[in-house]
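Presented below is the structure to which this report refers.
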Amino acid sequence: MKDRDCGSLSKKDAGQVVILSGWVHRRRDHGGLIFVDLRDRSGLVQVVFDPDTSKENFNLAEKLRSEFCVQIQGEVSIRPEGLENNELKTGEIEVKAQKLTILSPSQALPFALDTRSDVDEAVRLKYRYLDLRRPELQQNFILRHQVTKAVRDFLDKEGFLEVETPMLTKSTPEGARDYLVPSRVNPGTFFALPQSPQLFKQLLMVSGFEKYFQIVKCFRDEDLRKDRQPEFTQIDMEMSFVEEQDIQQLIERMFVYLFERIYAIKIDTPFPRMTYQEAMNRYGSDKPDTRFGMELVDLTDLLADCGFKVFNETIKKGGQVKGICVKGCADYTRKQLDDLTTLAQELGAKGLAWMLIKDEIKSPIAKFFTDTEIANITQRLQAQNGDLLLLVADQKETVAAVLGRLRLDLGETLGLIPKDKMNFLWVVDFPLLEWDKDENRYMAVHHPFTAPKEENFDEDPANALAKAYDLVLNGVELGGGSIRIHDANLQTKLFKVLGISEEEAEEKFGFLLQAFKFGPPPHGGIAFGLDRMIWLLAKAESIRDVIAFPKTQKAICLLTEAPSTVSSKQLKELHIASTVVKS
RNA sequence: GGAGCCGUAGUGCAGUCGGCUUAACACGCCUGCCUGUCACGCAGGAGAUCGCGGGUUCGAGCCCCGUCGGCUCCGCCA
């Protein structure tokens, strides 16, 4: 039904008769002459309907409206002198319509498929199929296709095997909330949709696949964010006989390959490495955005004996005082400072201390410090006249959370973030464990199969490090992985520290522990959030812009109206009953 | 579970201090005119349960309470 793509036509095609099919992007009816911008996936071309060519055709063209699906046969011709459109790729030519076929008409649209208007996202999602007609959205999916294709090509070249793992699988504790699927055949039992193919890919290593990958949907029933959807896609990999640097180098080669193939640019490797500790100290985040400075500066040693009770008492209790220097913001208003303070309090700080440096120090707390202390603070923060200093005193987790967030917010509002930069960063040496106050036990920071750096990690669990690594791009966690435990004794030791009993371990992961009795190879892997990758590469507003049919923050699909109630017959077959009382 | 912002024709929005409009404007839509436009132009027209429910008031799009939905964030996301 078409022999050419609209966007592919150029001067070279002049004189040719072509058949095009697509949508009426815009129509300009001059009464005696009608112009139509015809759009298909490839782009736009102007079609001219002239009654002198065919009166019948022209009359039919008068019926055309936005988004009619049409086929047009016509002659490509060079536009008359002075009538070219430089805004359009095909602007040097136009198609003189000889025959128009209306393949299907369209109702008036619920919203304009126009970049200029910022349409409410609820309306866009309800009519997602129309939203997806917008070229800028289609571009995201073209990119997404190119990336997955390149990833497959690269991993194939590196000797990886793509293997599918089950979607209906076993619910495992430790981790995100599962999406459950009731079993009809086995009353009272449930499958879980995978949070990741973690255990299966480890089993594939036991099977001797050596290099596995999969581009696969994963499901986590947790609350949504602009970079989080309940179902998302991972590029999941696992390799045998590797150490951390083998995997990191492979991933660096992969990104070099991707950028070369998609953007024809060369990116620098190796990517910088930063320990978790350093990331937290300097940026207050385990996924630092290193595209700009404003780093967190430790002032604890300078202020341990200062006259400000809030500070010295916090320090005595094992806390710290840190600050950031906000360049050129000494003219911040009381309102702006109050807003920053409110944000700090929402994140758990008791307060936010500020100092405006305007020739002299303007600050409600300045009177508590000696001139030497003030001089030391400003010097260490490398503050100059005209700067604003923000200080937080608290336990180190809170200090990091508050200043890390203030840094990001201020970096954004002050325009300090260079948008064209692509700053990859490996964050390494993650802690193995983390104390969970609610559960009153240690939890695995990564997951309970992650190998510790030292075999005697149980002697000082709080400070044990893991063979785990995250790849961060521009402050977004793109992916993470680890070297796994393949030694049964080590695994048992870790379960013990995690407070998982032998019986529980047997019940939950028995199949894995069993498998590890049959010569498991040393192995490790990594997984990337594909949606996040595309989101960053496409510089899209939200992750929803790179997912064809995304869900709202309430995890609802406005297009299909899923989830929905089901018949009592369906529930009965599944041996389940809803506890929700219809009002 | 919690916090914030938003909700007015199909779309984007204005609506001031609660009483001046018959809820304005732009795009879109419909009708007519228009042979070189490209965000075509011109003339006319239709189109609003002001998210929903309750309250305050002589009077509510506007104030209060609740509720629903969208977005952003905290918690959560091994």
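Heavy atoms only: backbone and side chains are in, while hydrogens, waters and symmetry mates are out. Every chain is numbered from 1 and lettered A, B, ... according to where its sequence line falls, protein lines coming before strand lines.
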**Request:** Using a heavy-atom cut-off of under 4.0 Å over every strand shown, decide if A/Asp223 touches base, sugar-phosphate, or nothing.
**Result:** base
**Message:** Measuring only the P atom in each nucleotide, how far is B/A24 from B/G15? A whole number of Å is fine.
**Reply:** 14 Å
**Prompt:** How is A/Pro448 classified with respect to the nucleic acid when contacts are heavy atoms under 4.0 Å: base, sugar-phosphate, or nothing?
**Reply:** base
**Message:** Do A/Gln491 and A/Arg484 pair up side chain to side chain, a donor and an acceptor below 3.5 Å, judged on atom types alone?
**Reply:** no
**Prompt:** Counting any heavy atom closer than 4.0 Å, what does A/Ala112 reach on the DNA or RNA strands: base, sugar-phosphate only, or nothing?
**Reply:** nothing
**Prompt:** Base, sugar-phosphate, or nothing for A/Asp29, non-hydrogen atoms under 4.0 angstrom?
**Reply:** base
**Message:** If I take atom CG in residue A/Asp118 and atom C1' in nucleotide B/G70, what distance separates them, rounded to the nearest angstrom?
**Reply:** 13 Å
**Asked** Looking for any heavy atom pair under 4.0 Å, which part of the strands does A/Gln107 touch: base, sugar-phosphate only, or nothing?
**Response** nothing
**Message:** Distance check, C1' atoms only: B/A46 and B/G32, in whole angstrom units.
**Reply:** 15 Å
**Request:** Run the salt-bridge test on A/Lys335 and A/Asp338 with the 4.0 Å N-O cut-off and return the result as yes or no.
**Result:** no
**Message:** When both hydrogen-bonding distances must be under 3.5 Å and the geometry is Watson-Crick or G-U wobble, what is B/U31 paired with, if anything?
**Reply:** B/A43
**Message:** Less than 4.0 angstrom between a side-chain N/O of A/Arg544 and OP1 or OP2 of B/U72, yes or no?
**Reply:** yes
**Request:** Salt-bridge test for A/Glu412 and A/Arg405: reply yes if a basic N is under 4.0 Å from a carboxylate O, no otherwise.
**Result:** no
**Prompt:** Of the candidate nucleotides B/C71, B/U37, B/G69, which contains the atom at the shortest distance from the side chain of A/Arg79?
**Reply:** B/U37
**Item:** Carboxylate-amine/guanidinium proximity below 4.0 Å for A/Glu84 and A/Arg79
**Value:** no
**Prompt:** Using 4.0 Å as the upper bound for N to carboxylate O, is an ion pair formed by A/Asp429 and A/Lys453?
**Reply:** yes
**Prompt:** Can A/Phe35 be classed as stacking with the base of B/U37, given a centroid separation cut-off of 5.5 Å and a plane angle cut-off of 30°?
**Reply:** yes
**Complete:** Partner of B/A23 under the Watson-Crick or G-U wobble criteria, both distances under 3.5 Å, comes out as none
**Item:** Distance between C1' atoms of B/A43 and B/C52 (Å, rounded)
**Value:** 40 Å
**Message:** Under 3.5 Å, is there any donor-acceptor pair linking the side chain of A/Glu94 to the base of B/G36?
**Reply:** yes
**Prompt:** Any idea which of B/U11, B/C71, B/C76 is nearest the A/Phe111 side chain?
**Reply:** B/U11
**Message:** Tell me the interatomic distance from A/Lys226, atom NZ, to B/G70, atom C1', rounded to whole angstroms.
**Reply:** 16 Å
**Request:** Could you state the atom-to-atom distance from CG of A/Asp339 to C1' of B/G4 in whole Å?
**Result:** 12 Å
**Prompt:** In whole Å, what separates the C1' atom of B/U22 from that of B/A9?
**Reply:** 15 Å
**Item:** Base paired to B/G7 (Watson-Crick or G-U; both N/O distances under 3.5 angstrom)
**Value:** B/C68
**Item:** Heavy-atom donor-acceptor pair, A/Arg26 side-chain to B/C38 base, under 3.5 Å
**Value:** no
**Asked** Mind checking the P distance from B/G70 to B/G59? Whole angstroms is fine.
**Response** 35 Å
**Rounded distance in Å - CD1 (A/Ile543) to C1' (B/C77)** = 13 Å
**Message:** If you assign each of A/Arg225 and A/Leu83 to its closest nucleotide in RNA chain B, which residue comes earlier from the 5' end?
**Reply:** A/Leu83
**Message:** Reading RNA chain B from 5' onward, which residue's closest nucleotide shows up sooner: A/Gly175 or A/Glu541?
**Reply:** A/Glu541
**Asked** On a plain distance test, is the side chain of A/Arg124 in donor-acceptor contact with the base of B/G70 below 3.5 Å?
**Response** no
**Fill in**
In this structure, CD1 of A/Ile102 is separated from NZ of A/Lys63 (nearest 0.5 Å) by 7.5 Å
**Distance, rounded to the nearest Å, where A/Leu224 contributes CG and B/G75 contributes C1'** = 14 Å
**Request:** Decide, applying a 5.5 Å centre-distance limit and a 30° plane-angle limit (both strict), whether A/His30 stacks on B/U37.
**Result:** no
**Asked** Nearest to the side chain of A/Arg228, which nucleotide is it out of B/G36, B/C74, B/G75?
**Response** B/G75
**Message:** Let's see if you can work this out: which of B/U35, B/C29, B/G10 has an atom nearest to the side-chain heavy atoms of A/Ser66?
**Reply:** B/C29
**Request:** Just call it for A/Glu121: base, sugar-phosphate, or nothing, with non-hydrogen atoms closer than 4.0 Å on any strand.
**Result:** sugar-phosphate
**Request:** Look at all strands and tell whether A/Gln195 reaches a base, only sugar-phosphate, or nothing, counting heavy atoms closer than 4.0 Å.
**Result:** nothing
**Asked** Over how many whole Å does the gap from A/Phe232 atom CZ to B/C77 atom C1' extend?
**Response** 9 Å
**Request:** Compute both the distance and the angle, then confirm whether A/Arg133 meets the cation-pi test with A/Tyr127: under 6.0 Å from the six-membered ring centre, within 45 degrees of the axis.
**Result:** no
**Request:** Using the P atoms only, state how far B/C68 lies from B/U21, rounded to an integer number of Å.
**Result:** 34 Å
**Request:** Might you confirm whether atom CD of A/Glu454 has over 12 heavy atoms from other residues, nucleotides or ligands at distances under 6.0 Å?
**Result:** no
**Fill in**
Whole-Å distance, A/Lys89 NZ to B/C38 C1', equals 17 Å
**Request:** Could you check which of B/U72, B/G70, B/G36 has an atom nearest any side-chain atom of A/Asp120?
**Result:** B/G70
**Prompt:** If the C1' atom of B/C73 is compared with that of B/U31, how far apart are they to the nearest Å?
**Reply:** 50 Å
**Asked** CG of A/Leu347 versus C1' of B/G4: gap in Å, rounded?
**Response** 13 Å
**Prompt:** Base, sugar-phosphate, or nothing for A/Thr450, non-hydrogen atoms under 4.0 angstrom?
**Reply:** nothing
**Item:** Pairing partner (Watson-Crick or G-U wobble, both distances under 3.5 angstrom) of B/U49
**Value:** none
**Prompt:** Can you tell me how far P in B/G7 sits from the matching atom in B/C64, rounded to whole Å?
**Reply:** 14 Å
**Request:** Could you grab the distance from atom OH of A/Tyr179 to atom CZ of A/Arg220, nearest 0.5 Å is fine?
**Result:** 12.0 Å
**Prompt:** Would you say a side-chain N or O of A/Arg28 is under 4.0 Å from OP1 or OP2 of B/C34?
**Reply:** no
**Request:** Using a 4.0 Å heavy-atom cut-off across all strands, classify A/Val48 as base, sugar-phosphate, or nothing.
**Result:** nothing
